[in-house]
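FYI, side chains are in, hydrogens and waters are out, and symmetry mates aren't considered; it's all heavy atoms of this structure. A note on names: the letters A, B, ... follow the listed sequences, proteins ahead of strands, and every chain is numbered from 1.
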Amino acid sequence: MLRLRYDFSAIEKKWQDIWDEKQVFAASTDYTKPKYYALVEFPYPSGQGLHVGHPRSYTALDIVARKRRMQGYNVLYPMGWDAFGLPTENFAIKHHIHPEKVTHDNVARFKSQLKALGLSFDWSREVNTTDANYYKWTQWIFLQLFKKGLAYKKEMAVNWCTSCKVVLANEEVVNGVCERCSGEVVHKVKSQWMLKITEYAQRLIDDLDLVDYIDRVKVSQKNWIGRSEGAEVNFDTTAGDQLLIYTTRPDTLYGATYMVMSPEHPYLEKWADKISNIDEVCAYQEAAAKKSDLERAELNKEKTGVKLCGVAGINPVNGKEIPIFISDYVLMTYGTGAIMAVPGHDTRDWEFAKKFQLPIIEVVKGGNVEEEAFTDCATGVMVNSGMLDGLSVEEAKEKIIAWLQEQGKGTAKVNYKLRDWVFSRQRYWGEPIPIVHCDKCGFVPVDEKELPLRLPEVESYEPTENGESPLAAMDEWVNTTCPHCGGPAKRETDTMPQWAGSSWYFLRYCDAANNDALAAKEALDYWMPVDWYNGGMEHTTLHLLYSRFWHKFLYDIGVVSTPEPYAKRTSHGMILGEDGQKMSKSRGNVVNPDDIVREYGADTMRLYEMFIGDFEKTAPWSQASIKGCKRFLERLWNLMDVIQPSDEYSSDLESAFHRTIKKVSEDIENLKFNTAIAAMMALINDIYEKGSITRGEMKTLVQLANPFAPHITEEIWELQNFGGMLNQQAWPSYEEDKCKEAMVEIAVQISGKLRARVNVPSDADQAACLEIAKADPTVKAQLEGKTIVKEIVIPGKLVNIVAK
RNA sequence: GCCGCUAUGGCGAAACUGGCAGACGCAAGGGACUUAAAAUCCCUCGGUGGAAACACCAUACCGGUUCGAGCCCGGUUAGCGGCACCA
């Protein structure tokens, strides 16, 4: 027989063109249909092109999207570009090419690579964060935040590269040095735009109960927000002022033997004339300020500090005077910037006390405070603590807080590790912040009608000598008039961070061409929330949290109608190089998806990426294993040679088909793409063993495989004249009854050891299974002369006879 | 240090809710076809012993619960990722 060759490159090109031309994957605007919104993180279009890691996520949700369409949903599966950012800007500086041009070229390359994979994106809703029509709305959201008092300007320490004389984003500081030149990075105080994400901290924790995120995502978000419960306590001081501290262990108040203030604490200046060793204190302050991140990390082990001579604190519970120190182990950015130190029950305080020979008082019994700090809250009992003696830690906390409140010396207090979002970048390639600074009126928002506030053309993208954005050098752009009073004013020259555009992009997809709003309310109400969002774990704490924050804000001002943007969040594992290391140019282990598509085809590539291992875990690439997936497709293709005319399932494969449909249907929902593929491979092995396949079976087989390998299955569908386009057919159904085989092999154990296997009818009850098992000759021999103590029967699984 | 994840053949991995460990695939070995190779098809494939039936051992390590543990509990080790003095 003349066999039709599986010419993947011709087939893939053909169907990609047809899908494009007929717009088969464009989401409908008929809002009466049931909807499904599948979302993957839009990529940063880097100069390196697509990485093999990208298609892992895209293919997975493509499978979900294609399955949902076959299940009758109106599916939105969009794609776009998170295109503002530093690598593009750096490339532009180096090669003197406009970042817009660089972005345009990179996007074109990415898009053709994605199209070559046959991903069913709705390209009619493509978004690009660098389009003025897009960032118009990013700026609009910023203005709403500003109007609600959630955007504010603050003096902040920023990273300053002493060699490039440039302000660096945190991401550009690697191991305490400049990513680009390896120069020393120090902190410099600059005025920065901030967003009050901390105002949403509690809701960002609480509303995790409303969504279906994989557990590890919820856990890391909670840890990142870092809620802690404790108390603020006012300590009187000999300087007259009260010093406010925060503690999570108010129960240990009797054990506080000294206090520590952060070197940046404002009281130090206030108390300067009362501190007799002020020179020593100032020297320490300066040294602390100069320390780079790298040094700080290194010096973590050894505690340092200076005692304030001439000022002491007074412990409110016993009126005792205790010394006050400054030390950089206390951070100005958390709590009140000052602590009470309880060396008996806090590891850091214990280390400090040992070094400075300060008294250690045991106030919770249970450990040996001479050896190490005893920090266990669950088991200890209060001692040496006056009114708290004999209480548990929990009881003591409650009692002391009540007492402090009564005395007016303290109050219960919740703190979060989460800090406000530093929203300024002194860079060119970002959204201009639409604010004007007027000497008379202060910070004035640009009129919304003036949006988008476009990036001006500049000669050079280099940051300026003093660390200002390149925009600061553009006098004609900077100098403007105040929208409020009409007087002379200056534009804000900082731009937004890359996280801005990605904090709301999923909303724009709902109505991507809208010029009057970020999206029509009707469209948002129909599509939102995103039903399934997949992305990398590395975005759990920044992007995911930022976008939840913006969405909650938009919910509060009535723009969106759901409190949470994503109903379900899953996360894929990274794909490593063949050597088990992270792929990188320097290691030379990078795999280019183009090469795989060229050599094996997109369907094989898709299948391999899904078959590589557990979707949620990291997996090393294996060039040799790809072949297995290619063979599977060829075996599928070659089945066309042995098709029998029947439209039914054959009697000997019927149950196998029902079982496979069930398995594949369920596995897709549970991110078990690897075992779904394995089940289809096993089915094909069964078919080969039999030697033929009916038309009806072939039909089901290609329907099942379509979401995984869309091109080859579509081609087979057409060649077999099954009618219409495969991607528009219904998802195959199965009957639970028919998933069972007539006979099943069950295990027979004697006292827990496997001794035999017997075939029983699949509907055999316990007694029947037992009877068949006991009739087995091996079992009979094993039971010879023994007394049966117990018989356990799990129908369809095993029989265990315990005998002595 | 803290948080999270992981540990199963030569390799990637399966194993439902505690019920036949190793599905599926790769590699390897043998065979068929071929002048030959590729491709394809068939067989074998955790270890030890045995001609075989079969027996014993085996899911990082030690212990426990159970008729039965890769899975549950307690402890230990190693690796990966994140955070970094958060009071």
How far, in whole Å, is [M] from [N] if one measures between their [atom1] atoms?
| N | M | atom1 | result |
| --- | --- | --- | --- |
| A51(B) | C26(B) | P | 33 Å |
| G4(B) | A87(B) | C1' | 23 Å |
| G64(B) | G1(B) | C1' | 30 Å |
| G68(B) | C80(B) | P | 38 Å |

So, OP1 or OP2 of [N]: does either fall under 4.0 Å of a side-chain N or O from [X]?
| X | N | value |
| --- | --- | --- |
| Y334(A) | A87(B) | yes |
| K303(A) | A87(B) | no |
| R635(A) | U40(B) | no |
| R755(A) | C56(B) | yes |
| R631(A) | U40(B) | yes |
| S625(A) | A27(B) | no |
| N674(A) | C24(B) | no |
| N685(A) | A23(B) | no |
| K790(A) | C67(B) | yes |
| K222(A) | G4(B) | no |

Using a 3.5 Å cut-off on both pairing distances, which stems of three or more Watson-Crick or G-U pairs include RNA chain B? B:1-7 with B:77-83, B:10-12 with B:24-26, B:28-32 with B:40-44, B:46-49 with B:54-57, B:60-64 with B:72-76
L754(A) CG to C54(B) P, straight-line distance once rounded to whole Å: 11 Å
Tell whether K797(A) reaches the base of C20(B) with its side chain through a donor-acceptor pair below 3.5 angstrom.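 Side chain to base: no pair below 3.5 Å.
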Check: R757(A) side chain, C20(B) base, donor-acceptor under 3.5 Å: yes
Would you please classify the geometry between the Y258(A) ring and the F352(A) ring as parallel, tilted or perpendicular, with 30° and 60° separating the classes? parallel
As a test of the definition: with a 90° window around 0 for syn, would you call G29(B) syn or anti? anti
Applying side chain to side chain contact (heavy atoms under 4.5 Å, CB included), can you list everything that pairs with E199(A), at least two apart in sequence or on another chain?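 For E199(A) the side chain to side chain contact (heavy atoms under 4.5 Å, CB included) partners, ignoring immediate neighbours, are L150(A), K196(A).
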